Amino acid sequence: NAQGTRWNKNIITYRYLLYTRDLPRSTVDFLLETAFRVWARASSLTFVRMHSHNADIMVEFVTSDHGDLYPFDGPRGTLAHAFGPGLGVGGDTHFDDDERWTTGKTGFNLHVVAAHEFGHALGLKHSRNPESLMYPTYKSSRGASLLASEDVANINTLY
Ligand SMILES: COc1ccc(S(=O)(=O)[C@H](CC(=O)O)C(F)F)cc1
Ligand SMILES: [Zn+2]
């Protein structure tokens with residue numbers, strides 16, 4: 001498939017295609033923007049938002065079967081998924097809109113989930129360290145802005 005292990009560039013584009021109705025658009029923009037900034041601060045990567053045409057990371061909120069081989073599963077379970085770097089679907093990040101997306105501790109914290117997913121979209125795999133942002137299970141207590149030192153090391157090993 002189109003997925004490689006890393007982007008062969010430091011300027012990565014993204015575009016929001018479909019929003020959730022759980023939050024105002026401006027809030028979704030802020031939560032996703034700050035999730036990109038978590039990785040930009042820890043690395044040499046720069047993220048540029050596009051409002052048209054194709055971007056490396058196409059972001060959308062979708063439910064159930066949504067046109068790729070990985071249909072979502074209704075409330076809870078899988079919250080989101082992201083394809084690894086590459087052309088076409090590579091980097092694309094989908095959030096399950098059957099989840100309740102929030103800014104806080106109830107529902108699922110969009111900032112935390114997005115920061116994790118964008119890690120995948122950049123080529124990072126899961127970590128066995130519960131402190132890592134790339135730990136496979138969601139914990140509402142974690143603040144995505146605090147990347148574990150392991151996450152910083154991993155993104156800088158890759159880019
Ligand atoms: C902390 O961020 C996340 C944790 C767990 C998930 S998940 O439960 O949706 C996970 C998908 C993933 O690891 O990206 C599962 F395999 F579906 C998404 C984001
Ligand atoms: Zn993951």
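In this text, all values refer to a predicted model and were calculated from it rather than measured experimentally. Atoms within a ligand are numbered from 1 in the order they appear, just like the ligands themselves.
Between H116 and H120, the ring planes are perpendicular. Angles over 60° get that label, and only those under 30° would be called parallel.
Contacts of A80 with ligand 1, taken as heavy-atom pairs under 4.0 Å, involve the backbone alone. Contacts with ligand 1 closer than 4.0 Å are made by no heavy atom of A82, backbone or side chain.
Nearest heavy-atom pair across P85 and R6 is CB-C, 3.5 Å. Of all the heavy atoms in I57 and A121, the pair that sits closest is CD1-CB, 4.0 Å. Shortest non-hydrogen contact noted between A82 and T93 is CB-OG1, 3.6 Å.
The protein heavy atom nearest to atom 5 (C) of ligand 1 is P136 O, 3.2 Å. The nearest heavy-atom contact from the protein to atom 8 (O) of ligand 1 is G77 O, 3.9 Å.
Residues D56 and T13 bring a donor and an acceptor atom of their side chains to less than 3.5 Å of each other. Checking D97 against T20 by side-chain atom types alone, a donor-acceptor pair falls below 3.5 Å. Between the side chains of Y138 and N109, not a single donor N or O lies within less than 3.5 Å of an accepting N or O.
Atom 13 (O) of ligand 1 has its nearest heavy-atom neighbour, among R76, E99, K125, H126, in H126. Closest heavy-atom approach to atom 9 (O) of ligand 1 within the set V112, N109, L79: this belongs to L79. The heavy atom nearest to atom 2 (O) of ligand 1, out of those in E117, H116, M134, H120, is found in H116.
Under the side chain to side chain contact (heavy atoms under 4.5 Å, CB included) test applied with L110, the options T27, L32, D22 reduce to a single match, L32.
Of the protein's heavy atoms, none falls inside 4.0 Å of atom 16 (F) of ligand 1.
At a threshold of 4.5 Å between non-hydrogen side-chain atoms, the residues I12 and F36 do not count as touching. In this structure, the side chains of H94 and D68 come closer than 4.5 Å at one or more pairs of heavy atoms.
Listed by chain and number, the protein atoms of type N/O/S under 2.8 Å from the Zn ion (ligand 2) are H116 NE2, H120 NE2, H126 NE2; waters are omitted.
Listed by number with element, the atoms of ligand 1 under 4.0 Å from a non-hydrogen atom of V113 are 2 (O), 19 (C).
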Derivation of the side-chain contact (heavy atoms from CB on, under 4.5 Å) call for E117 and L79: CA-CA 10 Å; E117 293 308 325; L79 311 176; over 6 Å; no
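Under a 4.0 Å heavy-atom criterion, H81 is not in contact with ligand 1.
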